[in-house]
Amino acid sequence: MGYAGLSDFYRSKEWESCRALALAERLARDGELRCERCGKAIMRQYEGILHHKEELDESNVFDPSIALNPDNLMLVCHWCHDAIHERWGHQRSRHVYLVWGCPCSGKRRFVDASRGRHDIVVDVDAIFDSLGGERSAVKSEALAMYRTAVDMVRTRGGRWRNAWIVRTLPRSSDRERLQRDLGGAEEVHVEASADECRAEALRRGGEWPQWVEQWLLDSA
Ligand SMILES: [Zn+2]
Ligand SMILES: [Zn+2]
């Protein structure tokens, strides 16, 4: 097995190919992706999640008939996913999502549309916004707040269901390190074209256009 447990299952090769196959099968069969609970179209792959009907835990994550079985998977939108877990009272399952992508790609919009009532969001931009002032003048303080929040997620402290960590992180090595710091997290890549990001950055003004260009360079 290419994974050590639940904490890194979602970035294992086994899960990657299982996931790709499950999505490809649905596309081939229906010509599109839809939430299998509410029927809503899933326009971009990151808008959907493959839910394990028999819930994954440390005791069955190594059992391919559960963890990697297409019949145990259901493609749902994030909103329904939250509802499923709420309905069945799956208290143990707290999903941690690492939402990453270019500045101005719509990460926050995606999280706001996907999060459930009992979810928490850790977003560096939101921390800076809450402080106000010049970003450069409060950078280390904002990062300390961010690290405290990451620590809370890592220790699973507080009563919340899912956690959404919003970062740009163009390099996969940085994402892997953060996933370890979080005690495991499922990556969600919010994809938008360079032109879409540039247009939104121009709309926001300030240093955003420069941050977009830097991200595009770093991710290349
Ligand atoms: Zn749905
Ligand atoms: Zn689930």
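Just so you know, ligand 1 is whichever comes first in the structure, and atom 1 is the first atom listed for that ligand.
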Quiz item: Is Trp79 atom CH2 crowded by more than 12 heavy atoms from other residues, nucleotides or ligands, each under 6.0 Å away?
Solution: no
Q. Sub-3.5 Å donor-acceptor pair from the side chain of Lys53 to the main-chain atoms of Asp71, do we have one?
A. yes
min-distance N/O/S atom, His81 vs the Zn ion (ligand 2), resolves to NE2
Per residue His51, nearest N, O or S atom to the Zn ion (ligand 2) is named ND1
For the Zn ion (ligand 2), the nearest N/O/S atom on His85 is atom NE2
Vertex the Zn ion (ligand 1), ends Cys80/SG and Cys77/SG: angle to nearest 10° comes to 100°
### Message
Does the plane of the ring in Tyr46 sit parallel, tilted or perpendicular to the ring in Phe110? Use 30° and 60° as the thresholds.
### Response
perpendicular
Task: Pairing of Asp129 and Arg135 as salt bridge, 4.0 angstrom limit - done: yes
Practice task
Establish, yes or no, whether the cationic atom of Arg19 lies under 6.0 Å from the six-membered ring centre of Trp15 and within 45° of the ring axis.
Solution key: no
Of Val99, Val153, Val188, the one forming a side chain to side chain contact (heavy atoms under 4.5 Å, CB included) with Ile165 is Val153
Cys35 SG to Cys38 SG via the Zn ion (ligand 1), rounded to 10°, gives 110°
field: Under 2.8 Å: N/O/S of His95 next to the Zn ion (ligand 2)
entry: no
*For the Zn ion (ligand 2), decide whether His52 has an N, O or S atom at a distance under 2.8 Å.*
no
